[in-house]
Amino acid sequence: MAQAPRPFEPFDPDWGAFAPLRIRAKSIAEGVYAGMHRSVRRGAGVEFGGQRPYVAGDDLRFIDKRSLLRHERLMIREFETETDRALWLVVDATKSMSFRGRGPGSKYAYASLLAAATARIALGSGDPVGLVVIGGDGSRALPASASREAFERIVWLLASTKPDGDFSSRDGAIESALFPVHERARRGATVVLFSDLVDLPPSAKQAFASVGTRRRRAFATMVLSPDEATLPFRDHARFASLEGDIVIEADPEQLRDGYRARLDALAEEWNGELVRHGGALVRATTDDDPVAVVRSLTMAIAGRLGENAPRREGSS
Amino acid sequence: MTFATWAALAVGLLVAVPIAAHLLRRRRAGIVELPTARLLATSPPNARRRSALEDRSLFSIRALAILGLALLGASPFVSCSHLTLARKGGGSVALVFVIDDSLSMRAPIKDGPPRFDRAKQAALELAGAARDGDSIAIVLAGSEPRVALASTTDTDTAKAALAALEAGDRGTDLPGALAIARDLVKNAPQRDRRVVLLSDLADGHSDAPPLSLDGAMLWYPAPELTAASDGDCAIVLAQRTGQRVTVRIVCSPGATAQGRTLDIETEKGSAAKTVVGEDSEAVVIDVPEGADGDLDARLSEGDAISSDDYAPVTEESHDLSIAVVSDTSLTHVETGGPPPVEQALAALDLGRWVHALPSVPDHEEELSKHAGLILDDPPGLTPEERRAVASWVEGGGTLLLALGKRAAEAPLGAGFGSLVPGVVRFRTEPPSGADVTKCGFFGQSAESLAELAPKGRVTLDHDAMDGAELLCSFSDGEPLLVRRVIGRGAVLIVTLPFDLETSDLVLRPAFLSLLDRFAEGARMRGGPRVVEVGQPLVVPGATKLDAKFLSALDKDPEDVTIERHPDALRVPTQRIGRYVLSIDGASDVRAALAPPTEIDLRPRGIAPTALDTSLGGKADQLDAAPYVALGLLGLLVAELALRLWLGRKDEKPAVTRG
């Protein structure tokens, strides 16, 4: 009798404290209050969305005449816009994401956990969720879906991906990986990138920011190991990157301040690019509370970045 | 040491292992994976930092631990030169340390410390072995021997006193020191009483009988002090006469100063120098005209003791210069030759110091170079002579004044003034003999005065006896010899002249005693200009005395503590050099030179019983294992504490790649 194929590949990534992904993601999602609701944007549309007092400059076409006649009050009728509420998750699974350092798990594991939890929240609100995995043992994508199996498929794809591949010098690779998003995400869709943003090619920033066109919004979560965030090393050493074959011999004690400044500058560049396209950057390290990070991310998507956020953009 | 000891100590070489590990490790910096490496800028090469030991504290602890282990392995065999005290039945011990602080103790033991330092160390080791109930006293054997610490049971006090001892340039008086030690220990309540001799036994009497001690147990625990050392040469006298300096150099047997440089120095530098030739007994150097100040003589280095290669140059000594004024026409001797008083001085071996003067000097300066003056029946003194002599006496001179017929017949205005107040009368009917019982000044020779038969004598007024000391009297009670103290000096008045016509005094043995005591008094009162180190500088009659010591012309003066004795103030001399005295406001420079006997470094013998090993000796082995083990335990705790402290800082991040 032939042995049944196992549903999942062995967990090559260092999941550490983030395993099992499915249960941990559900737990985190339950801890996050806010979801991505359709009520976040109101204005012209076809579906009634409520009333509010008139203010100068409002379109007179939307004055509620009945309210004016009955109560002699100027009220404006609001309607929800007809937009795509899909959430597209883009998870970086290049080789650098396999790094763990002193964190409780690898960056990829943490990014997967955040992505799965965010997907769970969105699905709980009835929003379809799509997934694109960049790198790994072959870039793969799941179409946006709000079905009951969507969460399981997302978890399966994330868990079965082995971080691999060097995108640092592959111009165009990011554009290719984001092609499903460009092709399928409609107006109003939200795209969230989970990546360390470090070993991506130079064009990656513009490539991802371009997702934020056509009334789509692009967000990014910069996931770093605590070692990457603080450079706690003391001894003179040769530091080797996981992508790009870069080896730099350096005295970390001397370079720590400059390193942190460059890291902050990189985050600022990404944030600036995203903000121009209606998005934002959320920074996290793998030892951060994932509940707080996901909440911060959802707040950012809701336009309330900073509320209850454990880590503000631009901070290290 | 045995092979096992060497093998155990060789483990200590493993201390090189952590260093080698570091050197191997530092050749190439380790690789640390960091995805954000591209954000690092290459830091400039810092070879020094890389070559430095990263964890100095941990490395030190580990290196010490390895050395400790090596010592632990070898400790049961480690030899240790340590003096111990063997006790009879475990009882208490009374110890008197006789420590030689003479010049010869400055000589170093072959390839080791000076003998004095070794002696002090030995005394400290033995004092460290003392227990409650033991008593310790310290006697110093440098001449003059003296008690440095009376017997005490306070070991800490004894150790402090031992630690404070300093080497000196004195001579050695071992028999005297042992006698003092015996007196100190003989009444001690302990049954075990020992005199511990710590000396090189070189007292200049190498052929003397072996040292022994009656009445107490003599122990000589450090025979290494007598080990042969290099020869020594010393300057024992440096005397200046005009522009010529005569330096006397004495060498120990077998040593020579030939070829060494002798330098005559002023305060500003070298004034003259010469190379010592074959005859080094007396080296004569002419100094240039300009060198009028104080001079030092210094021999170039090259022997066992350096401190005695120096001596202050003194003026030609007039320590015991005795001036004699005697009318040869009246005091002649039938057999010919000089007057009887000069012949008597020659018999006392003082002839070389005698200076016959034709008349009494009428200037004090002429008298100042003499310590004593003898006036034999002078026909009075002129006012100038009287003033000069009186002033000289007040300054410390000693006058022996023999009065006779001529003195009594002195013309008006030519008396003796304050020297002999009142009228001097000559009488021709003296009693026969002196009262021997009242002539103790002459000692045993006083009996020779019992039959003294002068043809006449001088009688003194009561004024002359006022405040005077009657040293001898005739049988009828009239004075024969009177001493009057005037200022710092004294006048000895003899009521008989020193001629054979009037008296037979000069033929009596008591006359020699008189001159001998006079010479001694003159030496004491005038004070010697140059002494051997150890001999005190005696200043009789002074009411106020200060002293400073100069080890060389270019050195700062050091204060010297004055000793007050009943008869005189004394300045102790401990080292070779100048002693600048302030006597009642007047400055006087004197010198202390190396004792010639100290240059002979050959030891004298010592009784074999003093070397009895049952009294104690060196502990050849010291089990240091417990102390080393405790040290290792401490190091272990220190490393643990250090690791705990450095734990978070030193913990290297775990680098994984998934």
Side-chain angles (χ1 to χ4, degrees), chain A residues 11-16 94-103 105-109 162-164 168 196-199 224-244 246-256 258-266, chain B residues 15-63 638-658:
Chain A
F11 285 169
D12 284 344
D14 188 350
W15 291 96
T94 57
K95 198 172 182 180
S96 64
M97 292 295 285
S98 66
F99 183 73
R100 172 172 177 172
R102 287 187 304 171
S106 67
K107 292 192 289 183
Y108 174 75
K162 300 174 184 175
D164 199 4
S168 62
D196 56 11
L197 307 180
V198 174
D199 280 332
L224 295 176
S225 160
D227 291 347
E228 295 171 312
T230 60
L231 196 69
F233 309 100
R234 297 176 60 221
D235 300 332
H236 192 101
R238 289 184 296 153
F239 293 92
S241 66
L242 302 188
E243 297 177 46
I246 295 173
V247 177
I248 293 177
E249 185 165 349
D251 182 352
E253 297 276 7
Q254 292 182 358
L255 301 179
R256 184 171 293 119
Y259 167 84
R260 289 179 178 174
R262 280 186 282 277
L263 198 60
D264 290 342
L266 174 69
Chain B
V15 75
V17 171
I19 299 175
H22 164 75
L23 293 176
L24 289 172
R25 183 181 160 199
R26 78 177 175 87
R27 283 181 182 167
R28 194 160 178 81
I31 290 183
V32 176
E33 289 185 338
L34 186 71
T36 53
R38 66 177 69 245
L39 297 178
L40 284 169
T42 304
S43 59
N46 194 342
R48 187 187 306 169
R49 180 179 175 86
R50 283 182 53 199
S51 62
L53 294 173
E54 285 93 350
D55 297 316
R56 291 174 187 275
S57 47
L58 280 176
F59 170 78
S60 302
I61 287 177
R62 287 166 188 165
E639 169 149 0
L640 287 175
L642 201 58
R643 280 191 165 282
L644 207 62
W645 184 60
L646 293 175
R648 290 181 181 175
K649 292 171 66 177
D650 286 350
E651 185 182 349
K652 294 194 167 51
V655 178
T656 58
R657 294 173 50 187

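These values consider heavy atoms only, across backbone and side chains, with no hydrogens, waters or symmetry-generated copies. Each chain gets a letter, A, B and so on, in the order its sequence line appears, and its residues count up from 1.
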**Student:** Output the distance between atom CG (A:Asp264) and atom CG (B:Leu39), rounded to the nearest 0.5 Å.
**Tutor:**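 Nearest 0.5 Å value for the CG-CG distance: 10.5 Å.
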**Student:** Tell me the closest heavy-atom pair linking A:Glu243 and B:Arg38, and the distance in Å.
**Tutor:** O-NH2, 3.6 Å
**Student:** Please determine, among A:Ser241, A:Ala261, A:Ala240, the option with the most heavy-atom pairs under 4.5 Å with chain B.
**Tutor:** A:Ala240
**Student:** Show the nearest heavy-atom pair for residues A:Phe239 and B:Ala37, with the distance to one decimal.
**Tutor:** O-CB, 3.8 Å
**Student:** Taking atom CG of A:Leu231 and atom OG1 of B:Thr36, what is their separation to the nearest 0.5 Å?
**Tutor:** 7.0 Å
